[in-house]
Amino acid sequence: MADPMRIRAKIEGDKTIVRVLMAHEMETGQRRDAAGKVVPAHFIQEVTATHNGKTVLSAQWGPAVSKNPYLQFQFSGAKAGDKVVISWVDSKGDKRTDEATVAA
Amino acid sequence: MGEINTSRRQALKQGSATAILGMFVAAGLVRPGTAHAAWNQAAFSVKGVDNVVKSLGGAGTAATKDISWGSTPEIAENGAVVPISVTSNIPKTESIAILVDKNPNTLAASFTIPPGTDPNVSMRVKMGETSQVHALIKADGKYFVATREIKVTLGGCGG
Amino acid sequence: MKSITRALLSVGALAFAAGCATVSDADLSRQAAEVLRASFKERGQAKLDRLNQDQPQAACSVEPDKKPPVAELERMEKAQQALIRYPADGKLLGDWREGEKIAQSGVGKQFSDSPAIPAGGNCYACHQITREEISFGTIGPPLLNYGKLRGNSDAMQRYTYGKIYNPQAFAACSNMPRFGHNSILTEQQIKHLTALLLDPASPVNK
Amino acid sequence: MGTLPGHVPSKETRMKSGFKRTMAMFAACLLSQGAAAQSGDDTIRKIEEYRQALAGGNPADLWEARGEDLWKKKAGPKNASLETCDLGRGPGVVTGAYAELPRYFADTGRVMDLESRLMHCRMTLQGLSAAEARTRPFGNGTDRSDNEALVAFVTAESKGVKMNVPLSHPKEREAYALGKKMFFFRGGPHDFSCATCHSETGKRIRLQDLPNLTETKDAQRAYTTWPAYRVSQGEMRTFQWRLFDCFRQQRFPELDFASDASIALTTFLARNANGAEFNAPAIKR
């Protein structure tokens, strides 16, 4: 299973800024290994972020998103101690869900 | 230092807690957020802005200046990681997509922005070479596009 | 570990172990070379003999302010000049377009490189060469307008070819690789680079 | 390439690099040179913007988290964690340890850097063989390196700590002196030494700034920003990797992991950074 995400959610002013790092190879399917063999595509396709069960961001990604993806966005309405949950699903159907507590 | 470490440890603990949550998800007991829209294979397979818009269900785009590129650099020291930051100032922005002309497939990523979330995302894309990069905004059902060139340079010892 | 133990047996190292700082510089150099040899392993085309220094390498392995005296540097330059081999056909200018490709390419001679692929000169790593290429280094001087400033005489062609072939023949302890002398580039490749610098049609001189 | 044929420079100018003489020769085209320099400055400014945009999120965090896990997890034939490993400040003390490495360890009778010390702890505490402990010192995609993760964790615990590498033991002084010699050692088909690229201030290779490692400020900034997540590779790289890959590009054979030369060079470079605040894992091109 993939390593946990690193999620930080912090209130700044009246917004909550969310920063996420995901451990993923994001293989394009166009790279060759040392032996000259094509490395099969393997990349995160869908990302969902929720706060109190409500979706605050959803995304579809292609293989052009960089390895070990970084994502930053911001939303309104959260308070310190709330949970932000991030999930991803990749092109092989592997999944990962992690959460972070909103910090003041 | 303390703060960083605390948050890392928290993340680790939360990591194991959410592994359990992940099992529930796999078992179909809970759904993470609202249902995932199926991945739009067509949109990620075509070349050119117009074709991407078409496969997203739109008809044509209008150029706009109401998009700011934030910290997006004009030159990338390495094409493997090109930071892109896009903020839409167009009212009723529903989605933001990042497109790279000279990549094998034009569409890199697309974000759906629900009400309550700022029309502002930062992420990082791969670029094979210097290219036009587009921010494609859907607002109130219409598509808008802003474009900037990002140069990709060869750094280091070149070996 | 064994190497250090062995090195420790040398007089200099014993002085160190005794807490006395009078180890001679030459002893220290020998000891460092010995530890280096024990710390590397051959890989691909990079064999351990690459750690065997020739005269200029050994003489120039010093801090910048400890270089050999001028008379010795001049002697070294003369010795290196005698090693330059100019093309038998007497032609020194190749195709600047090929030269530009060679100047851009940084592959060659690394253990990660296939020996079957021709090496590049990697000139842009250290020199500004054309206006078009903004990704250039500054370890060496800029070469913009190289030929425009110097002309394209037979003597200039010969100097330029020789300088790429063996820069230490003109500036002892130069940072620049001896591309011909050490068989990094072929005679034909050096001709192409000479053309890149001197051909009036080359972007260097535009 | 500044010397003209037949031109014998005077004693005074001789040892200065050909750079100044060339600049004089190029005086005729100062205008175009000026324009080029200006576009160069603009490029540098834009590259700086790129680096700042990256600084916001460092994937090395992912290695740190995995490394902390590896540090605390029982593993190996002895089913032990690394939590009692002595990195120089006493068993189990991680905070600030990296800022004082390499150093002499009485239990092994040698100078060790972090990576060779971690190897030692994995052998003595966890019961790994030497071969097992040196397996995959550097990762490659899904072939992940435990060494890199552990290094990310340990080094992050020295963030903000002032570098304070000791030279009190004779063997520490010996390693430093040898490392300095190795820094200037020229070899291979290209005649390169570390000093070829790292002994003059303000130089670049392509667009990459080259730290002058013989000068305090540059040496401090360079050493205190390793390890680093390399965006060009998508990997978190350690200081031994930095040396390993410099030597590859120097056209030398392969620098052996945890070898005496790598420890000696690290001692030289780490000590030269003394007094500066450690600030890694960083993120770099």
Side-chain angles (χ1 to χ4, degrees), chain A residues 1 3-8 10 15-21 26 28-30 43-51 53-78 83 85-91 95-101 103, chain B residues 3 7-8 10-12 14-19 21-22 24-26 30-41 43-45 79-83 85 95-100 103-128:
Chain A
M1 196 167 98
D3 280 341
M5 282 177 250
R6 302 277 286 115
I7 307 169
R8 285 168 209 200
K10 196 170 188 307
K15 311 278 186 193
T16 298
I17 299 186
V18 183
R19 297 178 175 89
V20 191
L21 281 163
M26 299 302 286
T28 59
Q30 296 175 354
F43 57 93
I44 293 173
Q45 289 186 320
E46 291 172 40
V47 180
T48 310
T50 62
H51 162 241
K54 173 182 172 288
T55 299
V56 287
L57 189 78
S58 61
Q60 295 198 8
W61 287 358
V65 171
S66 299
K67 180 174 173 177
N68 297 318
Y70 174 74
L71 170 64
Q72 184 186 320
F73 65 96
Q74 55 194 57
F75 68 96
S76 310
K83 302 280 187 227
V85 179
I86 314 273
S87 307
W88 56 251
V89 182
D90 73 19
S91 54
K95 294 168 203 244
R96 174 92 219 170
T97 297
D98 293 287
E99 67 175 32
T101 305
Chain B
E3 190 191 9
S7 60
R8 182 179 60 231
Q10 248 166 20
L12 273 173
Q14 285 153 4
S16 48
T18 50
L21 180 62
F24 288 131
V25 175
V30 288
R31 296 171 75 86
T34 54
H36 285 294
W39 190 65
N40 190 337
Q41 173 133 27
F44 282 101
S45 312
V81 180
V82 182
S85 180
S95 75
I96 298 175
I98 312 297
L99 288 69
V100 183
N103 274 2
N105 303 303
T106 305
L107 180 61
S110 157
F111 299 85
T112 303
I113 313 285
T117 296
D118 287 3
N120 164 355
V121 290
S122 300
M123 42 90 66
R124 295 159 180 186
V125 299
K126 298 168 194 153
M127 289 177 62

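Each chain gets a letter, A, B and so on, in the order its sequence line appears, and its residues count up from 1.
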*asked:* Contact between A:Thr28 and B:Lys126 at the side-chain level, heavy atoms closer than 4.5 Å - yes or no?
replied: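 When only atoms from C-beta onward are counted, B:Lys126 and A:Thr28 do touch, with a gap below 4.5 Å.
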
*Would you check if the side chain of B:Trp39 reaches a backbone N or O of A:Trp61 as a donor-acceptor pair within less than 3.5 Å?*
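Side chain of B:Trp39 to backbone of A:Trp61: a pair is present.
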
_Side chain A:Gln60, main chain B:Ala38, donor-acceptor under 3.5 Å_ =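 Yes, because the side chain of A:Gln60 sits within donor-acceptor range (under 3.5 Å) of the backbone of B:Ala38.
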
*Contact class of A:Lys15 relative to chain B, heavy atoms under 4.5 angstrom*: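 Just the side chain, heavy atoms under 4.5 Å.
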
*Please determine, among A:Ser58, A:Ser76, A:Gly77, the option with the most heavy-atom pairs under 4.5 Å with chain B.*
A:Ser58

Side chains of residues 110-117 of chain B: which donor-acceptor partners sit under 3.5 Å, not counting sequence neighbours?
from: B:Thr117; atom 1: OG1; to: A:Val56; atom 2: O; distance (Å): 2.5

Between [atom1] on residue [X] and [atom2] on residue [Y], distance to nearest 0.5 Å:
X	Y	atom1	atom2	answer
A:Gln74	B:Asp118	CD	CG	4.5 Å
B:Gln41	A:Gln45	CD	CD	7.5 Å
A:Gln72	B:Ser85	CD	OG	7.0 Å

*Given B:Arg124 and A:Val65, is the side-chain contact (heavy atoms from CB on, under 4.5 Å) satisfied, shown in steps?*
CA-CA 6 Å; B:Arg124 295 159 180 186; A:Val65 171; over 6 Å; no

*Side chain / backbone / both / neither for B:Asn103 at chain A, heavy atoms under 4.5 Å*: side chain

*asked:* For B:Val100, which atoms come within 4.5 Å of any heavy atom of chain A: side chain, backbone, both, or neither?
replied: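 Contact with chain A involves no heavy atom of B:Val100 at all.
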
*Most heavy-atom pairs under 4.5 angstrom with chain A, which of B:Pro83, B:Ala43, B:Pro104?*
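Of the candidates given, the most pairs with chain A belong to B:Pro104.
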
_Under the side-chain contact (heavy atoms from CB on, under 4.5 Å) test, residues paired with B:Ala80 that sit two or more places apart_ = B:Asn78

*Which atoms form the tightest heavy-atom contact between B:Val81 and A:Ser66, and what is the distance?*
CA-OG, 3.5 Å

